[in-house]
Amino acid sequence: RQTPDAELVPHVIALLDHIPGGAELKAKLDEGKKAQLAAAMPGLKERAKTLLELIDNAGFLFASRPLVPDEKAAALLDAAGKTALADLLPRLTALPEWTAAATEDVVRAYAAETGLKLGKVAQPLRAAATGRTTSPPIFDVLAVLGRDEALGVHGEPGHGWIEQQRARERCADGDRQHEQRALVRPVIDAGDHEIGAPACGIERACTEHHRSGGRAAHGECRRIIGV
């Protein structure tokens, strides 16, 4: 823990050659990831007694996105957790500056407004951003990942907690600025419809919407896309 952050990074990289799965992690270490690792080092080393523990704690940096949360993290993304994340979406997206302090202010303000304990908001946020229930301080994690990666902007449309929420909102609100009729190919079957071979984020949005909402959502999707 007393080792300077800059010195720990090459030690971590060297150790990857000697641990199971290390080569796969090392392959992801481009200059951007190295910079993120260095930026995360203060929080990482505070929670680790060994380099192996440090590498494990840094798993959120190497995780493929969209994330697949582990079982405990998935349990935090229940209805209440998803509501909190959906409410945080516009506030986090609108931040003029993406820093640990700025994201913490947003989350604390939301918790105070809703009467929720900070953990009831921060833990679903941690689960969504890292796929785990433990990590370095969540606001440090958000800052290290950067706005786009933390919020899933570069994830496959319809995935990532921010993009998934946006997809539902687009489908529910009828925000269709693309050529929906050309992109969406409905198949009507016994009162239902399925959307096959998604052509763009709009189509994937409707797919996610009606799958999550069941039959009740079908008519709404059809109304929105005009079929």
Side-chain angles (χ1 to χ4, degrees), residues 1 3 5-6 8-9 12-13 16 21 25 28-78 80-82 84-111 116-155 159-165:
R1 292 180 181 177
T3 305
D5 298 343
L8 278 174
V9 173
V12 168
I13 294 174
L16 293 177
L25 297 181
K28 297 180 180 181
L29 269 176
D30 57 17
E31 291 306 311
K33 285 298 177 188
K34 289 178 183 178
Q36 286 182 326
L37 181 60
M41 197 58 72
L44 290 171
K45 70 181 187 180
E46 286 301 316
R47 291 172 171 264
K49 295 180 180 179
T50 68
L51 286 178
L52 287 176
E53 289 183 0
L54 190 151
I55 292 170
D56 183 64
N57 291 339
F60 69 93
L61 292 175
F62 301 99
S64 299
R65 298 178 187 273
L67 291 172
V68 178
D70 64 25
E71 184 176 354
K72 291 182 178 179
L76 292 172
L77 299 174
D78 56 9
K82 289 178 180 178
L85 294 178
D87 290 345
L88 286 170
L89 164 59
R91 303 179 186 217
L92 290 171
T93 302
L95 277 174
E97 187 178 28
W98 190 260
T99 64
T103 57
E104 182 174 0
D105 286 346
V106 165
V107 174
R108 286 188 178 277
Y110 173 75
L116 294 170
K117 293 183 178 180
L118 182 62
K120 291 293 186 180
V121 184
Q123 279 296 84
L125 185 57
R126 186 191 311 278
T130 70
R132 298 183 177 187
T133 56
T134 59
S135 74
I138 182 56
F139 306 113
D140 291 342
V141 167
L142 295 179
V144 167
L145 289 175
R147 189 195 307 263
D148 288 352
E149 190 170 358
L151 302 188
V153 171
H154 291 318
H159 297 279
W161 65 274
I162 290 297
E163 281 299 296
Q164 188 176 69
Q165 181 60 28

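The first residue of the sequence shown is numbered 1, and numbering continues consecutively from there.
R47 places a side-chain N or O within donor-acceptor distance of the main-chain N or O of S135, the cut-off being under 3.5 Å. Judged by distance alone, with hydrogens and angles left aside, the side-chain atoms of T103 form a donor-acceptor pair with the main-chain N or O of A100 at under 3.5 Å.
Nearest heavy-atom pair across G131 and A73 is O-CB, 3.3 Å. Annotation for A127 and P69: closest pair O-CB, 4.5 Å, computed over non-hydrogen atoms. Residues G119 and P124 come closest through the heavy atom pair O-CD, 3.8 Å. When every heavy atom of A150 is checked against every heavy atom of L142, the shortest pair comes out as CB-CD2, 3.8 Å. In this structure, L67 and A129 approach most closely via the heavy-atom pair CD1-O, 3.2 Å.
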* Test V141 against R126 for side-chain contact (heavy atoms from CB on, under 4.5 Å), laying out the working first. => CA-CA 9 Å; V141 167; R126 186 191 311 278; 5.6 Å; no
* To do: Evaluate the criterion side-chain contact (heavy atoms from CB on, under 4.5 Å) for residue pair V107 and I138; output intermediate values, then yes/no.
  => CA-CA 11 Å; V107 174; I138 182 56; over 6 Å; no
* Asked: Could you go step by step and tell me if L51 and L8 meet the side-chain contact (heavy atoms from CB on, under 4.5 Å) rule?
  -> CA-CA 9 Å; L51 286 178; L8 278 174; 4.0 Å; yes
* V9 and I13: side-chain contact (heavy atoms from CB on, under 4.5 Å), yes or no, with the steps? -> CA-CA 6 Å; V9 173; I13 294 174; 3.9 Å; yes
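The CG atom of L151 sits 5.5 Å away from atom OG1 of T93, with the distance rounded to the nearest 0.5 Å. L125 CG to F139 CZ: the interatomic distance, rounded to the nearest 0.5 Å, is 7.0 Å. Taking CG of D87 as the reference point, atom OH of Y110 lies at 3.5 Å (rounded to 0.5 Å). Rounding to the nearest 0.5 Å gives a distance of 9.5 Å between CZ of R147 and OG1 of T99.
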Tabulate below the donor-acceptor pairs under 3.5 Å that side-chain atoms of residues 32-44 make, not counting sequence neighbours, or state none.
unit_1	atom_1	unit_2	atom_2	d
K33	NZ	Q36	OE1	3.1
K33	NZ	L61	O	2.7
K33	NZ	E149	OE2	3.0
Q36	NE2	V144	O	3.3
Q36	NE2	L145	O	3.4
Q36	NE2	E149	OE1	3.1

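No more than 12 heavy atoms of other residues, nucleotides or ligands sit less than 6.0 Å from atom NZ of K72.
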